[in-house]
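Okay, structure first, notes after.
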Amino acid sequence: QVQLVESGGGSVQAGGSLRVSCAAPGRTFSTYTMGWFRQAPGKEREFVALIRRGGGSTSYADSVKGRFTVSRDNAKNTIYLQMNSLKPEDTAVYYCAAAWQVPNNPRATDFGSWGQGTQVTVSS
């Protein structure tokens with residue numbers, strides 16, 4: 001289990017940008033594959049993006065490709081999700097998660113450690 005702490009959510013108008021962060025205080029998480037998920041009210045938690053351990057290859061949900069970018073700074077034990085061209089349908093609680101190895105389009109159950117989530121609200 002890895003303790004994860006998200007930050008950086010907020011409210012923005014459609015077309016705007018936000019960056020959310022996820023830190024693992026006191027842990028070196030360079031050996032973990034890190035993911036971002038989101039959950040809107042009344043909906044299941046869905047995959048957004050991931051960045052793998054080692055080479056840092058990335059994978060994205062089709063709904064965010066070209067708009068969102070995931071990155072990691074292993075020296076700071078932090079990953080980021082830069083969200084551009086935000087849409088009202090991006091409104092959700094965003095969660096980061098850690099796992100050893102996951103497929104390219106993972107399910108939430110593929111990850112064993114989760115943060116508490118941060119709210120992102122996009123108004124039209």
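Because the structure is a prediction, the values reported are computed rather than measured.
At a threshold of 4.5 Å between side-chain heavy atoms, the hydrophobic network of Ile, Leu, Val, Met, Phe, Trp and Tyr places Phe37 and Leu81 in two separate groups. A continuous path of hydrophobic side-chain contacts links Ile51 to Val2 [ILVMFWY only; heavy atoms under 4.5 Å]. Taking hydrophobic clusters as Ile, Leu, Val, Met, Phe, Trp and Tyr residues chained together by side-chain heavy-atom distances below 4.5 Å, Tyr94 does not share a cluster with Val102. A continuous path of hydrophobic side-chain contacts links Trp114 to Val93 [ILVMFWY only; heavy atoms under 4.5 Å].
Scanning all heavy atoms of the two residues, the minimum distance from Arg45 to Ala108 falls at CD-CB, 4.5 Å. Gly8 approaches Leu18 most closely through the heavy-atom pair O-CD2, 4.3 Å. The shortest heavy-atom contact between Gln119 and Ala92 is NE2-O, 3.4 Å. Ser85 approaches Ser17 most closely through the heavy-atom pair N-OG, 4.4 Å. What you find for Thr118 and Gly9 is that their closest heavy atoms are OG1-N, 3.2 Å. Taking all atoms of both residues into account, the shortest heavy-atom contact from Ala49 to Tyr60 is CB-CD2, 3.6 Å.
A 4.5 Å side-chain heavy-atom check between Leu86 and Phe68 finds at least one atom pair inside the cut-off. Under the 4.5 Å side-chain criterion, counting only non-hydrogen atoms from C-beta, Arg38 is in contact with Glu46. For the pair Ser21/Lys76, no side-chain contact is recorded, criterion being any heavy-atom separation below 4.5 Å from C-beta on. Residues Met83 and Val12 form no side-chain contact, since every pair of their non-hydrogen atoms from C-beta on lies 4.5 Å or further apart. By the 4.5 Å heavy-atom criterion applied to side chains, Thr58 and Arg72 are not counted as neighbours.
Atom OH of residue Tyr80 and atom CD of residue Gln82 lie 11.5 Å apart, to the nearest 0.5 angstrom. The CZ atom of Phe111 sits 7.0 Å away from the CZ atom of Phe47 when rounded to the nearest 0.5 Å. Annotation: the span from Glu89 atom CD to Ser124 atom OG amounts to 10.0 Å, rounded to 0.5 Å.
Only one option out of Val20, Leu50, Val64 pairs with Trp36 in a side-chain contact (heavy atoms from CB on, under 4.5 Å); it is Val20.
Asn74 and Arg53 share no side-chain donor-acceptor pair at under 3.5 Å.
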What's the verdict on salt bridge (charged side-chain N to carboxylate O under 4.0 Å, His left out) for Lys87 and Asp90, showing C-alpha distance, side-chain angles and the deciding distance? CA-CA 5 Å; Lys87 305 175 182 180; Asp90 294 318; over 6 Å; no
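Distance alone, capped at 3.5 Å, is enough to place a donor-acceptor pair between the Glu6 side chain and the Gln116 backbone. Looking only at distances, a side-chain donor or acceptor of Thr91 sits under 3.5 Å from a matching main-chain atom of Val122.
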